[in-house]
Protein chains: 2
Amino acid sequence: MTTQLPKDRAPSIRDVARLAGVSYQTVSRVLNNHPSIRESTRARVTQVMEDIQYRPNRAARMLVTRHSRTIGVLSASSADYGPARSVVAIEDAARAAGYYVNIANLPASDQTSISEALEHLMEQAIEGLVVIAPQVRVFDVLERMSIDVPYVSFQPTGRFEHLVPADQVAGARMATRHLIDLGHREIIHLGGPQDWIEAEARMRGFLEEIDSAELNTNPPILGDWTAEFGYYAGQELLRSRDFTAVFAASDHMALGLIHAFRDAGLDIPHDVSVVGFDDIPDARHFWPPLTTIRQDFAEIGRSAVEVLLGKVRGEVIAEPGQILPELVVRGSTGRVPGVTATVTQA
Amino acid sequence: MTTQLPKDRAPSIRDVARLAGVSYQTVSRVLNNHPSIRESTRARVTQVMEDIQYRPNRAARMLVTRHSRTIGVLSASSADYGPARSVVAIEDAARAAGYYVNIANLPASDQTSISEALEHLMEQAIEGLVVIAPQVRVFDVLERMSIDVPYVSFQPTGRFEHLVPADQVAGARMATRHLIDLGHREIIHLGGPQDWIEAEARMRGFLEEIDSAELNTNPPILGDWTAEFGYYAGQELLRSRDFTAVFAASDHMALGLIHAFRDAGLDIPHDVSVVGFDDIPDARHFWPPLTTIRQDFAEIGRSAVEVLLGKVRGEVIAEPGQILPELVVRGSTGRVPGVTATVTQA
DNA sequence: GTCACACTTGTGACCGTTCACAAGTGCTGC
DNA sequence: GCAGCACTTGTGAACGGTCACAAGTGTGAC
């Protein structure tokens, strides 16, 4: 056979067709697993494809089908453990479902950054969007840019019916309840950044639980998730307030807090109890090992993809149940001296 | 004007042309910033594009130009701080350069996982590849699949001329030197997974420095980067060996080690000194604050993109200088009791 | 034998963009 | 007045797939 392959471009279905002695449409059918193809034909075509290392051209396919099989992820702080872990899970789940993932990070939370990132994703013709940086402003921009791809987020807001995988409020209530059960009465909340929906939810959970226990409500401090801020906040707290326990909205902030408290000569948990949130892998090796609320970030990511792809395909699926976080009691919390209380074990 | 837009498909360059009263080619020229376009024409076309929210179809463009403007990232452990931070930097840098990024995570390090991940990326028609999971096996698979896109990795290997951003060997030597300067003579290295090139480089640096100081060489322990393993290794070490210092190949492992040592009643750094590697943001808030080797993961990611895009564009650029890590001395290292030594300050 | 029908295969058009080439303008210089 | 040229614009074909439709097989029923 003198038929040979073009050397200046990748082989196409027409090349495969020629070598296999069939029409290009037959090759297309093999590619798409069309049912009515003679087994021998399929085998021959498949063989040729392997021989010449044929790879379908996604651009061509995309052009005609108008499906990119790509989902976008809009993410902030994705170097942090939680978001990073979720992103990995999203990629794995999407890949398993035959979808590609494109990520845009938010370098800042101003509207320009957000719309640039979204524009970048839209250029990719994404079919769905996971908002993993649930900043309130993102949704405004989404609406203003009249972006009409289906999307899911990690927290419910009044206006959006989109996904609610992890019940942040419940987690925050567990953490707070745990401290109350240990006899603490003056509890401070060190919250996350104000514009994060998750931060808001955790704060709300805290306030609800304090309320229902009819305790004194101390005004929360709003931080930025980092250990650095936790350290700073710890120093400030010691200067100005009376308290016996702190519920931090992230493990990192809890770590910084403990550092500040220890620098001031306080013993954890004897003098102050600290609860974190997330249960990052390091948390159990902190000193003292950190009591915290465990979130299954991987499961959250998987769930997000599942719901999103359902929407993309136009399926009517039941909203998934909320993923309940879990209280993990370790060494950073203890009873208030002189108070006998019932400790809730996880 | 009765010309109206099709409602079942997105507006195309021809729609824009019709509304602006020019040919589709003129619109294309506006899109590609062709120099010879009358300013008034350009303005008119641009206006129409905005009015009807025109977005170029990347698939069509890709099909004809044969450029995807997409780079791939093959990544392992990308929920860890270091890789995650680098990935974020890669995305930002690529986006700034007008490139899209596609990531494939390696769920495991067997050949099947690797080739599946690579296949996924190749389907996307990536123009370049960043290997952020520098496992030795990856390169074998790359060769065997006859993948001919340019790629960069984070570590040099004998066979590949590709990128060397961070000098892991030098970093490891600094860490080891620091311990030697403090008077330690029996130093153990807790290394990373054997098949990671980075782990190998850090171990090599350790051994070189021990050698040049003519100290007793203790066989390294090979772990998996995690705090969990560090904790386990710490327990094992205490059972079987004599040493006064440990150099761990990751901050996480260092954290676990310290936990194990403290559980055994040892004081850090009085009884044992520990050095980590990476300087994750939490490290300065560990107890004691961790002496470690700082790597600029963001810079490494940016540098990787810069070099890669240079290769993609066929430019002959000078190999970038190695990014030198930096010793950060904190509380987890101290002098060996009874020995007066010179402490190297960062 | 032939008709219906399922199974299998082939042909032309199209998706939205860029490329190669051609052609229309208007200005300058002689 | 017209050749020459730069500047600006337009026309046809292609990229590599899929879709809609048509047409060629072989089998069984009558």
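Residue numbers start from 1 in every chain, and the chains themselves are labelled A, B, ... in the order their sequence lines are given, proteins ahead of strands.
Contact check, B/Arg38 against D/dC7: no side-chain N or O comes under 4.0 Å of OP1 or OP2. Applying the 4.0 Å criterion to OP1 and OP2 of C/dG10, one finds that A/Ser23 has a side-chain N or O inside that range. Taking side-chain N and O atoms only, B/Thr26 has a distance below 4.0 Å to OP1 or OP2 of D/dG10. In this model, the phosphate group of C/dT9 is not approached by any side-chain N or O of A/Ser36 to a distance below 4.0 Å at OP1 or OP2.
Atom C1' of nucleotide C/dT9 and atom CZ of A/Arg42 are separated by 14 Å, given to the nearest angstrom. Counting to the nearest Å, the P atom of C/dT17 and the CZ atom of B/Arg69 are 16 Å from each other. Atom-to-atom, CD1 of A/Ile37 to P of D/dT25 comes out at 17 Å; the value is rounded to the nearest Å. Regarding B/His34, its NE2 atom lies at a distance of 18 Å from the P atom of C/dT17, rounded to whole Å. Residue A/His67 contributes atom NE2, which lies 13 Å from atom C1' of C/dC15 at whole-angstrom precision.
Exactly one of A/Val305, A/Ile90, A/Asn102 qualifies for a side-chain contact (heavy atoms from CB on, under 4.5 Å) with A/Val73. That residue is A/Ile90.
Summarising the geometry of B/Ser115 relative to B/Met145, their closest heavy-atom pair is CB-SD, 3.7 Å, with the distance given to 0.1 Å. Residues A/Ala59 and B/Met62 share a closest heavy-atom pair of CB-CB, 3.6 Å. When all heavy atoms of B/Phe139 and B/Ile197 are compared, the closest pair comes out as CE1-CD1, 3.3 Å.
Residues in residues 76-105 of chain A take part in no salt bridge (charged side-chain N to carboxylate O under 4.0 Å, His left out) pair, two or more places apart or across chains. Sorted by first and then second residue, the salt bridge (charged side-chain N to carboxylate O under 4.0 Å, His left out) pairs involving residues 107-125 of chain A (not counting sequence neighbours) are A/Glu119-B/Arg55.
In this pair, B/Phe297 and B/Tyr81 present their aromatic rings perpendicular. The plane angle is above 60°, beyond the 30 to 60° band.
At a non-hydrogen distance threshold of 4.0 Å, nothing from residues 44-51 of chain B comes into contact with DNA chain D.
Direction change of the helix axis from one end of the helix from C/dG1-D/dC30 to C/dC30-D/dG1 to the other is 50°, with five pairs defining each end axis (rounded to 10°).
With 3.5 Å as the limit, one finds no donor-acceptor pair spanning the side chains of A/Arg137 and A/Gln111.
By the side chain to side chain contact (heavy atoms under 4.5 Å, CB included) test, A/Tyr24 pairs with A/Ile13, A/Arg14, A/Ala17, sequence neighbours left out.
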- Base, backbone or nothing for each nucleotide of nucleotides 16-21 of chain D, written B, S, -, heavy atoms under 4.0 angstrom, 5' to 3'? BBBBBB

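Two residues are said to be in side-chain contact when any heavy atoms from C-beta on lie closer than 4.5 Å; B/Ile71 and B/Leu309 meet this criterion.
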- Task: Might you work through the side chain to side chain contact (heavy atoms under 4.5 Å, CB included) test for A/Ile103 and B/Val101, ending with a clear yes or no?
- Result: CA-CA 7 Å; A/Ile103 303 188; B/Val101 176; over 6 Å; no

